[in-house]
Each structure stands twice: as C-alpha cells, then as structure tokens.
Amino acid sequence: MDLHIISILATRFYATEATTNSLKFSFALPHQTIYQSAEVQQVNIASTSGDMGILANHVPSIEQLKPGVIEIVENATTTKKFFVSGGFAIINSNSSLDINAVEAFPLEDFSVE
Amino acid sequence: MPHKDKFQLFLFFEDYKIYEDDCVNKNDTSTKGDGALFNNADTKPPEDGQILIVTVSSDRGLCGGIHSSVSKHSRKVAQENPNSQIVVLGDKAKAQISRTVREKIKLSFNQIGKSVPTYAEASAVADTILKEKIEFDQAVIIYNYFRSVISYEAESIPVYSETTFTRSGNFDAYEIEDDVLENLKEFAFANSIYWGLVEGHASEMASKRSAMENATKNAGEMIDKLTLTYNRGRQAVITNELSMCLK
C-alpha cells in the first residue's frame, strides 16, 4: 500500500520508489527554481529530436530543448505552460525529469504585441 | 573630535546577504539537476586524466581570507595532479596562485565580482575556456562554499568532458543524440561556473561584511581610548595653567 504524505506548504508529495504513476519533475533556471521534485502526470517538451510527451517510467534519455513551449500537466485539471529559450531535459531511470533552461516565462506573461 | 558615525557599518550589506542567499539557493537546483545525471550515470574520471582547475574568486580586496582559501585549495589540487592546468577568475586569486604554480596558469579573467554574477557572464567565461581548446578529462571548479554569514569553505564542483561521460557506467541506459552530448557538456560547464561565481560572490560579501564589522569595532575602541587620552591631556594643561595663575 503506498503511503502519501501531503505537505501543506508546497506541491510536494512523498512517494515510494519507481513504481509510482507520477513523474518527479524539477524545472530550474540559473537564477530561479520553478518546480522542485513536484509530482506531475505528464510534461510535453519541444526537443531537437521532435516534440515529445514524458510520463512516468519513460526511457532514460537526454534531450536538448528547442525554443518553444513546455506544457506541464500536473493533474487532470491543472495545466501550466512555459516558453523556454533553450536548455536540456534529462529523464532518469527513477521516473524523475529534470529540465534545466536558460530562460523561461509563463505564457500568461506574454502579450500579443 | 573624532566621531563614531564616520565608521558606521553599512547596513545595506544585510540586504545584500539575503539577496545572495536567495541566488545561491535557487541556483542549487539547476546545477544539482545536472549533478543527479552524473550520479545516476555513474560517471568517474580516468585515474591519470588531464584536469583543468577553474579557480573562482574576484578582483577586490578587503574581504578577509577569501582569495587565500581558494588559492590554497587550488594549489593543493594542482600539486596532487601533475597533469593539471589552471584557469583563474579574479586578479587577487591570480596573484596568489602565481606565487607558487605560475607555469600552470593558462587563462585568467578579470572584472569579476564587481556586481552580482549573471548567467551571461558565466556562459561567456565557459565559452572562452572551451574556445581555447584546452584538453581535459575533468574540470574542477574551486569556489568558496557559503556555509553561513560568518563561515565559508573552499569546495570543488566536478565537470566531466564528453569522453569521460560516454565511458560512464550507466551511460547506455540513456538515449541520446550525438550532437546533444557536446551541447550538454557546454551547458553543464556554464552552469557549474555560474554556481561557483554566485556562491563565491555570496561568501565574499559575507566576509566583507564581517571584516567591516570588526574594523568598525576596533576603530570604535580606538576612538574611546584616544578620547580619554585627549581629555586627560586637556585637563592636565588646564590644571597646569591654573596653578601658574594662582602662584
């Protein structure tokens, strides 16, 4: 039986080993951390080898990101989008995804001009 | 008459410290992401490989033992690895390292430490180093780790070259395209240099602050002592003049 302890402060969940159904997602910029080991369902990235969606238990790989939009599906109701200028996505075998980007902004911060 | 306010402690250093703490905490995650990759891939450098030592410090003084701590550590690493070369960031550290292992210095940078380091600065440094085509299997970035406002310690971050990384234990587990690997190396290098710069800056600011505080305290004590001496002297002269008049 999995034991989930929900922290009040942030979207951090403690979970058991690699057989979970959610992805441990870290999204970091040089001067700011956007996500730190957050449990999300799916992350869609635009990589140089094509657009891909990463879910839990994905094959470990290292992808370079093209300038584009990263979409983070935290759960069935919440989706967040960020525009990144470039960076790397590293998927490890323990179902954790680390995205290091140089610059990233939420799409809401952009105006049509 | 000397006035204590002239040596007032600059309180803006307090705000600076909090800002620096934020910078350091936030950059940690970015570099630790790469760090986790090297841990998971079980990357180990070859035994007698070429090592590039990147010493991160700054140009300015009045910061206590910041430059000597980093220079001593660099010197130790350079002596343990005869096959090593050094790149120095900061004139003060360059002066200290030149005293002992001058022939190993390949590149040096200045205009470091004037303001909070930006990622652009770190990538410019990384770019210049890589353009020099210095061969290395592993780069070691030596900086001052910010332990607290009153203490720091020289530490190192390892950065691996592509060849070392491809020879890692678990490398085959990762799917990766060929050109991505070189870009990853450059990115990780720039990230680590940025980490070194930011933490070094935070340690240096904290050290400057406590050095300034000590100087203020010492100057204050000196002012008190001299005030007493002055007053005693003044009273002695007045007493002497009075006793002349009364005679």
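Chain letters run A, B, ... following the sequence lines, proteins first, then strands; residues in each count from 1. Reckoned from all heavy atoms, side chains included, excluding hydrogens, waters and symmetry mates.
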Just to be sure I understand the criterion: a residue of residues 75-83 of chain A counts if one of its heavy atoms is under 4.5 Å from a heavy atom of chain B. Which ones qualify?
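Near chain B, by residue number: none.
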Is there any residue in residues 63-73 of chain A with a non-hydrogen atom under 4.5 Å from a non-hydrogen atom of chain B, and which ones are they?
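Listed by number: Glu63(A), Gln64(A).
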Is there a side-chain contact between Phe88(A) and Asn183(B) (heavy atoms, below 4.5 Å)?
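The answer is yes, as the side chains (C-beta and beyond) meet within the 4.5 Å cut-off.
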Report the option among Ser49(A), Gly86(A), Ser47(A), Gly87(A) that has the most heavy-atom pairs separated by less than 4.5 Å from atoms of chain B.
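Max contact count across the listed options: Ser49(A).
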Please classify the contact of Ile91(A) with chain B as side chain, backbone, both or neither, using a heavy-atom distance under 4.5 Å.
backbone
Heavy-atom count check: over 12 atoms from other residues, nucleotides or ligands less than 6.0 Å from [X] [atom1]?
{"X": "Leu62(B)", "atom1": "CG", "value": "no"}
{"X": "Lys92(B)", "atom1": "NZ", "value": "no"}
{"X": "Lys94(B)", "atom1": "NZ", "value": "no"}

Taking all non-hydrogen atoms of both residues into account, name the closest pair between Ile62(A) and Val180(B) and its distance.
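Looking at all heavy atoms of both residues, the shortest contact is O-CG1, 4.1 Å.
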Would Glu103(A) and Tyr119(B) count as a side-chain contact (heavy atoms from CB on, under 4.5 Å) here? Give the steps.
CA-CA 10 Å; Glu103(A) 285 179 319; Tyr119(B) 190 73; over 6 Å; no
The test is side-chain contact (heavy atoms from CB on, under 4.5 Å); show your working for Phe187(B) and Val102(A) and say whether it passes.
CA-CA 9 Å; Phe187(B) 185 65; Val102(A) 181; 3.7 Å; yes
